[in-house]
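What you see is a predicted model, and the numbers here were worked out from it, not measured in a lab. Naming: A, B, ... by sequence-line order, numbering from 1 per chain.
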Protein chains: 2
Amino acid sequence: MSDPIRVVLVDDHRMFRSGVKAELGDAVAVVGEAPDVDSAIKVVREVQPDVVLLDVHLPGGNGNGGSDVVTGCAGVQTPGGDPVRFLALSVSDAAEDVIAVIRAGARGYVTKTISPGDLDTAIRRVAEGDAVFSPRLAGFVLDAFGATAGEIAEVDEELDRLSQREREVMRLIARGYQYKEVAKELFISVKTVETHVSSVLRKLQLSSRHELTSWAMSRRLL
Amino acid sequence: MSDPIRVVLVDDHRMFRSGVKAELGDAVAVVGEAPDVDSAIKVVREVQPDVVLLDVHLPGGNGNGGSDVVTGCAGVQTPGGDPVRFLALSVSDAAEDVIAVIRAGARGYVTKTISPGDLDTAIRRVAEGDAVFSPRLAGFVLDAFGATAGEIAEVDEELDRLSQREREVMRLIARGYQYKEVAKELFISVKTVETHVSSVLRKLQLSSRHELTSWAMSRRLL
DNA sequence: GGGTGGCTCAGGGTCGACCCTCATGGCGGC
DNA sequence: GCCGCCATGAGGGTCGACCCTGAGCCACCC
């Protein structure tokens with residue numbers, strides 16, 4: 001297995017990161033760690049690892065599928081070099097979490113109950129370009145993707161009409177964040193948040209944040 | 001600090017247990033581990049640790065407050081020896097989780113985002129009989145227990161402090177009704193609705209209708 | 001090069017949410 | 001009879017939510 005695989009760990013619990021490192025030992029080289037989305041992006045840019053092992057529920061992410069987490073990282077690929085692969089590591093085995101993550105570009109999804117040996121294997125396979133899923137998840141992952149013939153598409157047409165940024169704003173608003181808080185969270189101005197919210201409400205044909213909350217809940221986006 | 005404190009770790013994620021051990025190092029002696037409720041009880045009986053550090057959401061527990069986890073362990077005390085203390089370690093910062101755990105007999109509750117140093121301190125304090133809570137949680141823990149004078153009251157005392165009319169208004173507001181709509185529904189003026197809402201928010205120590213919604217949902221009042 | 005769409009922001013406006021103070025009348029307890 | 005709680009409501013204020021217009025920047029596409 002030539003050189004050890006270079007891995008970046010992203011998880012907001014330092015304890016957990018430490019545990020993964022301890023359990024994996026020399027099997028892989030942990031070349032970076034990050035507790036949140038922003039520093040994750042930075043670290044991944046710097047060290048260009050083979051695999052990013054990341055928790056789905058992160059501060060800065062919305063804890064809700066983590067698509068922005070992964071897509072945020074996805075922009076980080078070096079055109080010339082080897083691609084950076086993402087392996088999601090989550091406590092959740094909910095279908096929507098898994099599908100959102102895969103949709104966002106991750107190559108695998110395993111739960112935190114995985115044994116160190118299996119995790120090692122999963123990391124290697126992802127590094128080689130394979131897709132890896134915990135056995136319990138494999139079934140409905142295949143269902144979801146088989147059913148939609150190629151692209152994910154179709155799943156939620158209304159949601160698809162929103163841009164990435166609009167979706168991020170939408171999720172926070174639906175959760176009860178104030179504009180000011182959303183602005184701080186996303187590092188943009190309150191005015192920009194207003195603009196995005198207006199677009200979201202218009203595109204979804206809703207008229208208030210309360211309806212947005214119901215809408216989001218009915219689609220299990222929260 | 002004489003002998004190191006003897007700790008049993010209970011968490012279904014081996015990675016996490018390993019991380020805790022690695023981070024705490026020699027500060028405490030991890031004398032046992034368990035991934036689920038049954039083996040936790042067995043291990044605790046065997047080794048009689050000073051402190052049990054346990055995740056709230058465990059297989060075998062109901063993932064819903066974890067009271068059976070802790071009560072299960074609570075029966076394990078040796079009459080003669082030093083008492084075994086429980087420190088809950090959870091990803092959740094939801095009030096109901098915290099209160100259920102405390103109610104079940106735990107002496108502290110910290111979130112998994114805690115730093116190793118703080119966790120060490122928390123373990124020591126719990127071992128000495130103190131109660132320890134993450135700062136964010138301390139507030140409503142005190143509220144919950146101060147308000148109910150000793151035992152957790154059978155009925156919801158906070159809810160009892162609301163008058164009949166206030167409760168009606170509260171329900172509608174929590175459902176997303178606008179003041180105007182509530183007024184029409186109850187045949188009173190908007191100004192009266194405002195007054196009631198203010199009372200409700202003050203009595204429940206909330207600050208917005210969004211928090212009201214969460215509060216009401218957490219009590220299944222919707 | 002021009003068009004399109006996404007992301008960013010500003011000014012300025014309406015209206016709802018929430019607060020404080022104040023006032024009325026009824027009802028029950030000390 | 002006074003006090004306290006409740007229900008009702010008004011006046012007046014601050015601030016957040018939401019809208020419209022307009023605008024600059026960038027990336028992509030034809």
Side-chain angles (χ1 to χ4, degrees), chain A residues 37-38 41 60 62 67-69 71-79 104-105 157-216, chain B residues 147 157-216:
Chain A
V37 179
D38 295 327
I41 294 176
N62 51 20
S67 20
D68 36 18
V69 173
T71 47
C73 293
V76 159
Q77 308 282 0
T78 349
E157 229 181 87
E158 286 182 300
L159 190 57
D160 275 358
R161 292 165 56 192
L162 301 183
S163 71
Q164 190 58 38
R165 203 58 162 168
E166 286 166 351
R167 250 171 279 182
E168 296 177 45
V169 172
M170 180 269 288
R171 291 200 184 102
L172 295 176
I173 291 297
R175 283 187 164 192
Y177 279 54
Q178 294 187 324
Y179 287 10
K180 203 190 293 178
E181 296 170 331
V182 175
K184 192 187 289 179
E185 184 81 14
L186 300 180
F187 303 104
I188 56 182
S189 87
V190 171
K191 275 300 185 180
T192 305
V193 175
E194 284 190 30
T195 305
H196 288 316
V197 172
S198 288
S199 305
V200 170
L201 294 180
R202 186 166 25 79
K203 288 185 181 177
L204 301 180
Q205 301 175 52
L206 304 173
S207 61
S208 76
R209 57 183 308 145
H210 304 107
E211 295 180 14
L212 185 57
T213 301
S214 313
W215 184 88
Chain B
E157 269 218 26
E158 284 183 302
L159 191 58
D160 274 0
R161 291 162 60 190
L162 300 183
S163 71
Q164 191 57 39
R165 204 55 162 169
E166 284 166 351
R167 250 171 281 181
E168 296 177 47
V169 173
M170 181 269 288
R171 286 202 189 95
L172 296 177
I173 291 296
R175 284 188 185 176
Y177 279 55
Q178 293 187 323
Y179 288 8
K180 203 189 294 178
E181 296 169 332
V182 175
K184 191 187 291 180
E185 184 82 15
L186 300 181
F187 304 105
I188 56 182
S189 87
V190 172
K191 273 300 183 181
T192 306
V193 176
E194 283 190 29
T195 304
H196 289 317
V197 171
S198 288
S199 305
V200 170
L201 293 181
R202 187 167 24 80
K203 287 184 181 177
L204 300 181
Q205 299 177 54
L206 303 174
S207 61
S208 77
R209 57 183 308 146
H210 306 299
E211 294 180 14
L212 219 189
T213 300
S214 312
W215 184 89

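With values rounded to the nearest 0.5 angstrom, A/Leu212 atom CG is found 8.0 Å from A/Ser208 atom OG. Note that CZ of A/Arg167 and CG of A/Leu162 are 6.0 Å apart. Values are rounded to the nearest 0.5 Å. With rounding to the nearest 0.5 angstrom, the CD atom of A/Glu211 is 11.0 Å from the CD atom of A/Gln205. Atom OG1 in B/Thr192 sits 9.0 Å away from atom CZ in B/Arg165 (nearest 0.5 Å).
Under the rule for a side chain to side chain donor-acceptor pair (under 3.5 Å), B/Glu185 has no partner lying at least two apart in sequence or in another chain. Scored by the side chain to side chain donor-acceptor pair (under 3.5 Å) test, B/Glu181 finds no partners at all (sequence neighbours excluded).
Put simply, chain B comes within 4.0 Å of DNA chain D, heavy atom to any atom, from D/dC6 to D/dG12, going 5' to 3'.
Residues in residues 191-202 of chain A take part in these salt bridge (charged side-chain N to carboxylate O under 4.0 Å, His left out) pairs, two or more places apart or across chains: A/Lys191-A/Glu194. Residue pairs meeting the ring-ring contact (aromatic ring centres under 6.0 Å, His included) criterion with at least one partner in residues 184-211 of chain A, sequence neighbours excluded, are A/His210-B/His210.
Remark: P of C/dT8 and OH of A/Tyr179 are 16 Å apart, rounded to the nearest angstrom. In this structure, the CD atom of A/Glu166 is 10 Å from the P atom of C/dT8, given to the nearest Å.
Near-neighbour residues of DNA chain D inside residues 190-200 of chain A, defined by a heavy atom below 4.0 Å, number-ordered: A/Lys191, A/Glu194, A/Ser198.
Remark on DNA chain D: of its neighbouring residues A/Lys180 and A/Leu201, the 5'-side contact belongs to A/Lys180, judged by nearest-heavy-atom nucleotide.
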